[in-house]
Every structure is written in structure tokens, then in C-alpha cells.
**Student:** 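Here it is, the structure in full.
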Amino acid sequence: MRIDFNNALIILSLAGIILAGSLTIFSVTSIDLSYFFRFLLISLISICFVAIVFYLININRILSAGWIILATNVLLVLSVEIFGQEINGSRRWLDFGFLSLQPSEFMKISYALFTIQYLRFYSFKFTAFRSFFLLAALFVTAIPIIIQPDLGTGVVYIAFGIMLLFICGMNKKYFIGLFSAFILLSPVLYNFALTGYQKGRIINWFSSEGSLSERWNILQSEISIGSGELLGEGFLASKQNEFNFLPEADTDFIFSIYAEQFGFAGVILIFVFLAVFILLSLNALMKQNNLSDDLSPYYLGSYFIFVIGFSFLINILMVSGLIPVVGLPLPFFTKGGSSLLCFSIMLGFIFSAKGFLRA
Amino acid sequence: MRNKDLNFFKSRAYGILFIFFALLALLLARFFFLQVVKGAELKEQRELNINASESIYPKRGRIVSRDGYILAEDIKTFSIIVDLEQKPDINAISLLADIFDQDLSADEVEVKVLTSLKFSTQETILSDLSQQDLAKFLVRSSELSGFSINESYKRNYDPHPSIFHILGHLGFINDLDTKYFSQRIMGYDKNLWQKVGKSGLERVYEQELRGMHGKRYFQRNARGNKKQITGITNFVEGKELVTSINYIAQKKAFDLLKGKQGAVVAIDLSDFSIPVAVSVPSISANDLSGISSKDYADLLNDEQRPLFNRAFMGLYPPGSTIKPLLTIFSLSEGYTNWTETILDDGLFRFEEEQRVFNAWKEGGHGLTDLEKALVESSNPFFMNLATKFDKDKFVDFMQSASFGSVLCSDCYPHQYSPLINDAWKQKNFGKDLYKGDFINLGVGQGYMLTTPLHLALLTSLIAKKGEYQIPYIVNKQTQNPLFLENKLSDDDWKRLNNSLINVVYSPNGTAFRVNAGNLKMAGKSGTSQVVDINSRAEYDEVRKNPLLRDHAIFIGYAPHDNPKFAIAVVIENGESGGRAAGPVAKEILEVLTIEN
């Protein structure tokens, strides 16, 4: 096992993010120290487990099961409609006793596995039919997520799927076409596809006239972030959290609490960790000497790197008021087994894909 | 082939990487803006979120009588409220309902608790707990989590009904109150006050009595619930009001009139303060706090009008009690003197209109001079005198005797006695005053109306030989004395005083039966007509209805050689001033002069 300077930096930055996330979730839920350790353990164990399993099993085997995985995942998403627990007005969770999971979170992984399996069969040569087929598969599988209703997860799933197709080399005219279609259809979508609650969030973001409760979260989030000032209020010293001014402080808005406690300095630190992780792991992937003609590890690895990176950015853009609140988790921060497991699996893929652990 | 694909992949991956870093840079700028540029401002907003304060209602000042009795004071009161930090559970609710099963049902409590939690307001479950109730709660307070005891102040008045009209009462502030106080109190903030003075001294001295709020600073969470008290500034208790009321005399006056309707007002001639101001019937001032709207409506509609302050607001024809005042006017203007006589045969013939006015005594008083006209109360004498009055001089004189102007600096509310002039008659009847009007005015009837307070003031200025001040209960408006327009010689004053002494002490005097003994009282009785009648026979018919009987009025002062107190007594439908009102005046003057 060889761990060079670059790899050490990657692990260090990742450890920094996971530690920051665990500390923040501890400060929000507070009192419960065991929760802090459980959070750390789940992430570490699942990362190592997935990476080691994939290293041992050979990624090709997993990939050949891609369509089965996607089909199973879609069925699980649909089964939530029947067996799921209802939380906050939508059914997203499946209760497994020890762990309640949100199957829709895993769709980004399943779709990637399916797509890579499909394209690899054709040596990643795109035809019009294949392009349309993959796009159709993407949109159709997004429907069960959106009707849960969970528009945020659905839209981000589609966006990440399109990014995957872009990475895999689909002709750029399709992207131009998709973009034009989106612009043209957006008024129709806004009127017919969105619920009042979703519209509220969008109106709220575009104008200052949104309802009080819609503006409340964003306002309180900005107050939390701003109160951190340069150096932060210190660990466990978030008053916005103590006095419950920030709803969903342990899920969507956890980064605001982090920013209040650790200030702009802490925010820069996280950004540096994130940049180092993304840049170095992508770099390591590119430099890797893959002897076969199969580019799957590149596609899959870079896709998961970007999914983690952009998930981070989307959540932070959201809590800092730059985009509408779409209810997306922050990797390794947000309390919740699904997102933690999901991102850990992605890390496992990334490490195995670039041969991180190979001798 | 492979390298070409790999390079294509790399170019696309770097494209995405570029977008990633562009967004990261945007976020860095955003966080710099939020945390460094606007950080302090947003932090201040957070502190505003969390830190709040609430007012602590001050303890209202006491009101005491001159002789040292407490007439009104704030006392501590305890109530059970919903504690928002520890929501009451169903066990606590049913236990509370059990303990206070006479006042509360579990459903009632539950509704209040739910309202409380829904709107984050501290609902009061049970207010004004007795000592026993308080003990009952405290003994089981550990099982009653979610409820707590709130301590506040409640106005408590001396229960005797004689003081209600003087003190007034408190009530929940409304728009009229806000308007009233905004005009009188600098920077009045209506939101700070729940209950304010509605009438009487409570209203006039609102600013002095109310005190200043304290403040309780606390931290609250997003639902507005108190988490932690961070500081307290104590309230400033309201000032104590020392009134001129003589509680013993006040009570006595009320008790003497009990069962009747009327008023007694006395004035201390040393400083023109008011030691007695009683209106009968009345209520206990405590009865108005927490009164139901139905009971309040009943009080308002009560035919005896217990809420109406007759002493300051009731307008009565002064009848013969106006005669001493008109004597001053007539002597100074030379309309008559102490030697001129007329023949009083019980009738006054108004030649110009060929009308005949009946006097109260059939057959009349015979040959009558001014002193006899006062002592025996001859109407024809004064009717005759009044026909000589110069209208303008009369109006000026009455104006200098406070007709049509303020009668007290701090009696609220009080009614002015109308100044009868051409303008007044034009307004009410569309024509000017003419000689015939003066015949009635000369015997205190017709358009002439005075309040008991004004009658007492008129008595004071007669006792003080034309000098007077604006009466008061707590604070004097000005030290400068006022004077009657017309002056009398010392001899005239002496003879007027003698005449009024004879009203009481001469066997012919209308108030001889008062039996004033050695009180040294001077006075004048009066009987004022409720309905306009022309003959004795007609009155006998009218008096079958008690409400149409004449009002009995008496004014007096004592001691007559060095007057210390003046008094006016009005008893509605009491008929004879000398017999009904005179004894009341005597008894109160006795109490007042013995006290001093």
C-alpha cells in the first residue's frame, strides 16, 4: 500500500470535512456525544467498506449489474409511496428498523452505474438513439422522485445525470437542445408542475415579497452566517441554534450553524478542504495509468467527485440565499443516514476507481 | 483512439472543474459579504431576535384623606397563569380543575391552555386568588407543572360609597382615554397602560398616580418563550395623593342622605379646599372592577343614577338660596337699601304683562324690608327688585361669581353653571332676555341653574365678603384670590351676615328649626321648583308624585363671626330647604368645625 503526499492531502482534507461535519451535528443536536461517534463511525466504516469491497470484487462486476441496481432502486423509490414514513408532508423514507433510508438519494449512484454499463457495451460511442435512450431513462426515473413530492432531489438528480452524459462525451448539441427546451418550457412547468409550496420557495427567492415563513428561513440563515463574523462565536456557541431561530438546523441549514460557530475563517477552511479534495482527487484520477482501453473508472470517478463537490456548493448556495431553498443535504454534515451512506459509497467508488488503494 | 477519448474526457472534466471553482469563488465572495462586510449588522439582528424586554406594571400611588384614612391603594394579587416553557399536560390540567372545582372546569382550563400555546400568550386561568386558594395551589405546585403564579397589583378602595365619585375608578384604556391623556401628558404612550383613570381623581392625577414602569429583560426563543431573565429594572411607585377630603365628615354626610337623592359640598374657607363632596346614591368603588357588562348596564340605567355625580354635575335651580348673592348685587347697584320696604301680600303683580306670580307663603309677609325678605324669604320683594336689574351689569356680576366658568381645579368631571345672558337665551330659545325673565331669576328659578359645588362656592364668597378662590381637592390651580365684580361697604356686609344669622337663629327665620345651638351658623334655605306652577292648589296636586316635589336646598357657613367652612346641601324632592337640608348642613358643619 503506497500513500504518497497527494493522497495524504486528499485524506487529510476529507478527514477535515468529516470532522467538521461531525462536530457541527454534535453542536446542533448537542448533549448526545454518542451521536457524534455514531456519525463518525458510519462514515468511516462505510467509506472503507465500500472502497475495500470494490477493490476486492473488481468494479466491472458491479457495473455489469448496473441496470438491475437502477431497476431495484426505482422500485424502492416507488415502494416508499406504499410503505414509507411520512415526514414533513412527503413520503421519502423507508424504515429498516436500525436505519431509515431515503431511496431517492441513491438514484444518482444507480443511474451512473446503469449508464456506464450501457455505454461501455458500445465502447462509449454515442448515437442519436443511445443519447435519447439515456436521456429518456433519466427523465422517466426522475418521475417517482418528483411525485413523492421531492422536487429538489429530482431536479438535482436530473442535473447530475446530464453532467454524467456530458462527462461520458455525449454530443454537445443535445445539451444545447435540453437547455433551450428548459427555457421554453419553464413557464409551463412553473404553472402546472409545481405545487404552491414549491412556487413559494421560488417566488421568495426572486422577490422580497414572499410570505413571512418563506423568507424566515433564509433570513435566519443569513443572520446565523453573518453573526459568525471573521472568527466565529466558538464551538457550541451558536445562539441562533440555542434559541431555535433556525428551523431544520440539523439538516438543510447546518452549514449556517457551522458558519456562526467558526466564522469566515472556518468557512474558508472548509472551502480549502473541498477545493483540495476535488482538485487533487481529480488530478490523481487523470494521472492514473489505466492499462485497459476501458475509460469507465475515469467517467465514474470524476462523476462522483463532481457530485460530492456540487452537492456541497448547491447546499451552501442555498443557505447563503443565492439560490432557492431546494432541500438538498450537505455531504458529511447533514444529519441523516441516507445522505451519509450515499456520499460514503461515492467516496468508496472514487478511491477504488483511481486505484487509490492498489499496491 | 484511447488517448483521443481520454483527452476529450479531460477537456470536459476540466470544463466542469472550471464551473466548480467559479461557483466556489462566488460563494467565497458571498460569505465575505455576509460575515465580514455585513457581519456586525447581522449579529445585531440576531441579538434583537433573542433579547427582548417586557414592562413591569408599576404600583399605583395611594390616595389618602386629609385626616389620614387610606381611600385607595394598590394591593398585591395573585393569579394562576399558563407557563409557556413547561407545557401543562393533561394530568396537571385535570388536577387544577379538581382543586378549583368551584371556579373551573377541565374543559375551560384546556381551552385556555391551548389558546396560550397557540398564540404564545400567557393566559390567565384564575385571577385574584384568595389566600386559601393560593395555599391550595402552592401545596401541590410540583404536580401542577405548566402552571405558575403571577403576582401583580390590584386597586383596592375604601368600600364606603361616599368616596366613589371623588376618587373615580379605573378601567381599560379606550380611544377616548388616549385622546384625553395625549392632550395632557407629554409623550403619552397608550401601549404602556392597560387600565387608566376613567373619572374623578384617578383620571385627573393619572400622571402622578401611575408611576413608572419597570423593565424585565430576557432572552427568548423563536416562539417568543422566555428562556432566561437577564436583568430587571424596578418600577417607580406612583406618588401618594393627599386629598382635602375629611373622611369622617364625608361618611357622615353620605349616611345622613342615605335613601334619598342629593348632594353635599363643603369648602374649607382657609384655603378653598373641599373637605366634603358627597353624591347620593352611590356605589362602592370596588364594585366596578371586574363588573359584568350587564351589571354595568343596569347601573347606568338605574333610575336613581348612582353613577351620576350630583355634587359636581347636577344642575339645580338655586331657589331662594340665590337671594344673598342678589342682595350684594342690588345693594352695590343701589336698587335697594336696608330701609326700603314693600308690602308683601303673597303675590307679585307684573304690571307690564299683567301676570301674577305666587309666593310660597300664602298671604305674604306683610310690610317687608331687605333683612326680613332674607330671613323670612320673601319672593315678591326679590321679584320686585329683579325687575330693576340692568341686564349687562347683572351678567357681568354673575360672571364674576363664576357662572359659566371653571368651578374647581381638579374635580372631574364637573359642570359649569350656565351664565344666563342674551347669547344663552338666543341659543336656547331664539330671543333675548327680557324683564319678565328677571322676575324668575330674582328668586333663583327660571333659567337659573347651579351645581351643589357652585352653591358651596357662592356661600364661600358671601362668607369671605366677596373674595374667593377656585376650589380644589388635591392641588390648587392658583394662589391669586378672585373678587366679585361689585363691592359692598363693611356695614352692608355686616347687615347681610346678620340677616343670614337670623335665618337660622331668629324664630321667624326659615331655618330656625335647624336648632343650630352654639354652632354660630349662618345660612339660607331654598326650595326649588321642579315644575312650573302658579298656585298653591296646583302644587298640592303636583306633590302627589314624589319625583315632582320641590328640591330642598340649604347653604350655610360657620362660625359666622369668623367663617371657616361653607356648605351647600341639596336634597332632591326634599321639599323644604330649612327643614330637610338645613339639619344636614348643621351636622356636617358641626363635625367640620369641631375637628378643626
Side-chain angles (χ1 to χ4, degrees), chain A residues 123-124 163 166-170 172 216 219-233 239-240 242-247 259-260 263-268 271 274-275 278-279 282 285-286 290 292-295 298-299 302-303 305-306 309-310 312-314 316-317 320-322, chain B residues 1-52 84-85 87 120 217-230:
Chain A
S123 306
F124 295 96
M163 184 181 77
F166 182 77
I167 292 171
C168 293
M170 193 167 78
K172 65 172 177 278
W216 171 260
L219 178 69
Q220 294 305 331
S221 174
E222 287 180 10
I223 287 175
S224 294
I225 293 168
S227 303
E229 296 186 289
L230 198 60
L231 296 173
E233 294 280 58
K239 284 196 188 171
Q240 285 285 95
E242 185 188 346
F243 292 96
N244 309 110
F245 276 91
L246 198 57
E260 188 182 351
F264 188 55
V267 170
I268 289 178
F271 285 4
L274 183 66
I278 300 291
L279 201 59
L282 197 64
L285 187 72
M286 300 291 192
N290 194 324
S292 80
D293 269 357
D294 184 7
L295 293 183
Y298 293 105
Y299 296 141
S302 59
Y303 169 73
I305 290 171
F306 285 131
F310 280 108
F312 237 98
L313 295 191
I314 290 170
I316 297 175
L317 283 165
S320 60
L322 291 176
Chain B
M1 184 60 206
R2 181 184 170 275
N3 277 340
K4 193 175 153 243
D5 282 350
L6 191 59
N7 286 338
F8 186 63
F9 156 71
K10 281 184 180 173
S11 71
R12 287 203 159 178
Y14 285 131
I16 297 171
L17 193 65
F18 176 78
I19 296 173
F20 175 83
F21 276 104
L23 284 177
L24 196 63
L26 173 69
L27 276 176
L28 202 64
R30 176 65 175 166
F31 275 81
F32 180 79
F33 173 73
L34 284 177
Q35 300 194 282
V36 179
V37 180
K38 282 187 76 179
E41 188 186 318
L42 287 166
K43 194 171 191 165
E44 202 171 298
Q45 271 194 43
R46 182 189 67 180
E47 297 309 309
L48 287 178
N49 265 351
I50 294 166
N51 294 308
L84 292 170
E85 274 301 280
K87 298 166 187 167
S120 244
Y217 299 90
F218 59 90
Q219 296 187 319
R220 58 160 181 214
N221 64 14
R223 277 187 56 78
N225 297 352
K226 256 179 245 166
K227 295 271 286 192
Q228 195 180 348
I229 307 279
T230 52

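Computed from a prediction, not measured in an experiment: that's the story for all the values here. The sequence lines fix the lettering, A, B, ..., with proteins before strands; numbering per chain opens at 1.
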**Student:** Given B:R46, which partner from the list A:Q240, A:E260, A:Q220 fulfils the side-chain hydrogen bond (donor to acceptor under 3.5 Å, both in side chains) test?
**Tutor:**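 With B:R46 as partner, A:Q240, A:E260, A:Q220 yield a single side-chain hydrogen bond (donor to acceptor under 3.5 Å, both in side chains), made by A:E260.
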
**Student:** Under a 4.5 Å heavy-atom cutoff, which of A:I268, A:L274, A:I278, A:L230 has the most pairs with chain B?
**Tutor:**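 Of the candidates given, the most pairs with chain B belong to A:I278.
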
**Student:** For A:S320, which atoms come within 4.5 Å of any heavy atom of chain B: side chain, backbone, both, or neither?
**Tutor:**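 Backbone plus side chain of A:S320, per the 4.5 Å heavy-atom cut-off to chain B.
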
**Student:** Let me confirm one number: the CD-CD1 distance from B:E41 to A:I223, rounded to the nearest 0.5 Å.
**Tutor:**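 CD1 of A:I223 is found 10.0 Å from CD of B:E41.
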
**Student:** From A:L279 CG over to B:L17 CG, what is the distance, rounded to the nearest 0.5 angstrom?
**Tutor:**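 So the CG of A:L279 and the CG of B:L17 are separated by 6.0 Å.
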
**Student:** Does the B:R30 side chain pair with the main chain of A:G321, one donor and one acceptor, at a distance under 3.5 Å?
**Tutor:**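 It does not hold such a pair.
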
**Student:** Could you report the tightest heavy-atom contact between A:E222 and B:L42, atom names first, then the distance?
**Tutor:**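 Closest heavy-atom pair between A:E222 and B:L42: O-CD1, 3.4 Å.
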
**Student:** Can you tell me which of B:F8, B:F33, B:F20 forms the most heavy-atom pairs within a distance under 4.5 Å of chain A?
**Tutor:**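 Among the listed options, the one with the most contacts to chain A is B:F20.
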
**Student:** Within the 4.5 Å heavy-atom criterion, are B:K10 and A:Y298 side-chain neighbours or not?
**Tutor:**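 Heavy-atom side-chain distance check fails, nothing below 4.5 Å.
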
**Student:** Once you round to the nearest 0.5 Å, how far does NZ of A:K172 lie from CZ of B:R12?
**Tutor:**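 That separation rounds to 7.5 Å.
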
**Student:** Counting only non-hydrogen atoms closer than 4.5 Å, does A:F306 touch chain B with its backbone (N, CA, C, O), its side chain (CB onward), both, or neither?
**Tutor:**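 Side chain of A:F306 only, per the 4.5 Å heavy-atom cut-off to chain B.
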
**Student:** With a 4.5 Å cut-off on heavy-atom pairs, point out which of B:L24, B:L26, B:V36, B:I19 contacts chain A the most.
**Tutor:**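 Heavy-atom pair counts peak at B:L24.
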
**Student:** Any chance CD of B:E44 has more than 12 other-residue heavy atoms, nucleotides or ligands included, within less than 6.0 Å?
**Tutor:**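 It does not: B:E44 CD has 12 such atoms or fewer within range.
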
**Student:** Which pair of non-hydrogen atoms, one from B:Y14 and one from A:M286, has the smallest distance, and what is that distance?
**Tutor:**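 Taking B:Y14 first and A:M286 second, the nearest heavy atoms are OH-CG, 3.8 Å.
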
**Student:** Below 4.5 Å, heavy atoms only, C-beta onward: do A:L322 and B:L27 meet side chain to side chain?
**Tutor:**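 Yes, side chains in contact.
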
**Student:** Look up atom OG in A:S227 and atom CD1 in B:I50, then write down how far apart they are to the nearest 0.5 Å.
**Tutor:**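 Reported to 0.5 Å precision, the distance equals 8.0 Å.
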
**Student:** Does the side chain of A:F271 reach to within under 4.5 Å of the side chain of B:L28, using non-hydrogen atoms?
**Tutor:**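 Result yes, sub-4.5 Å side-chain heavy-atom pair found.
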
**Student:** Counting only heavy atoms closer than 4.5 Å, note whether B:E47 contacts chain A via side chain, backbone, both or neither.
**Tutor:**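 Answer is side chain: those atoms of B:E47 sit under 4.5 Å from chain A.
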
**Student:** Under 3.5 Å, side chain of B:Q35 to main-chain N/O of A:A259, donor-acceptor pair present?
**Tutor:**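 Looks like yes, one N/O pair under 3.5 Å.
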
**Student:** Contact between B:I16 and A:F310 at the side-chain level, heavy atoms closer than 4.5 Å - yes or no?
**Tutor:**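 With C-beta onward as the side chain, the pair touches.
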
